[in-house]
Amino acid sequence: NAFPLPQNNMIASRSALFMADDKAPVERGVSMDQDGKSNVWAIEPKMEIENKSTEEKTGSALIAVGGLAIFGAIAAAALTNLPD
């Protein structure tokens with residue numbers, strides 16, 4: 001056999017548990033190691049940090065709109081000057 005089966009009857013499991021006491025669910029991780037000891041660890045919530053200010057966002061949007069307008073003008077000029 002290339003992949004032997006484990007000899008003990010303990011099966012590793014992972015599941016998410018939610019605490020019912022709080023309004024927002026708190027997620028925890030649970031697993032069991034080879035010795036049969038359970039391991040519990042906290043899973044931190046993902047936080048999104050916004051690095052750009054509104055001025056930077058506005059500048060980026062204006063550059064994008066300007067680039068699109070220039071592309072549209074070049075495409076229109078090229079399409080109107082195609083040979084028949």
Side-chain angles (χ1 to χ4, degrees):
N1 270 339
F3 301 103
L5 296 174
Q7 298 301 319
N8 58 3
N9 291 334
M10 300 303 290
I11 298 174
S13 65
R14 292 183 183 167
S15 63
L17 302 175
F18 296 98
M19 296 181 66
D21 298 336
D22 298 332
K23 292 180 183 176
V26 176
E27 189 175 9
R28 294 188 300 164
V30 179
S31 69
M32 192 159 298
D33 61 10
Q34 292 179 351
D35 296 334
K37 298 177 184 174
S38 62
N39 298 314
V40 178
W41 65 92
I43 299 174
E44 298 291 332
K46 292 181 182 177
M47 298 183 70
E48 295 181 14
I49 299 173
E50 195 169 318
N51 293 331
K52 290 187 175 183
S53 67
T54 55
E55 294 171 354
E56 289 174 327
K57 288 180 184 177
T58 303
S60 297
L62 289 175
I63 291 171
V65 169
L68 185 62
I70 291 171
F71 174 77
I74 293 171
L79 290 174
T80 55
N81 292 324
L82 287 175
D84 289 332

Student: Tell me which donor-acceptor pairs under 3.5 Å the side chains of residues 57-68 have, and how far apart each pair is, sequence neighbours excluded?
Tutor:
unit_1: K57; atom_1: NZ; unit_2: E50; atom_2: OE2; d: 2.3
unit_1: T58; atom_1: OG1; unit_2: T54; atom_2: O; d: 2.8
unit_1: S60; atom_1: OG; unit_2: E56; atom_2: O; d: 3.0

Student: Only distances under 3.5 Å count here; give the side-chain donor-acceptor pairs of residues 69-81 to other protein atoms, sequence neighbours excluded, each with its distance to 0.1 Å.
Tutor:
unit_1: T80; atom_1: OG1; unit_2: A76; atom_2: O; d: 3.0
unit_1: T80; atom_1: OG1; unit_2: A77; atom_2: O; d: 3.0
unit_1: N81; atom_1: ND2; unit_2: A77; atom_2: O; d: 3.0

Student: Tracing side-chain links under 4.5 Å among I, L, V, M, F, W and Y, which residues wind up in one group with I49?
Tutor: none
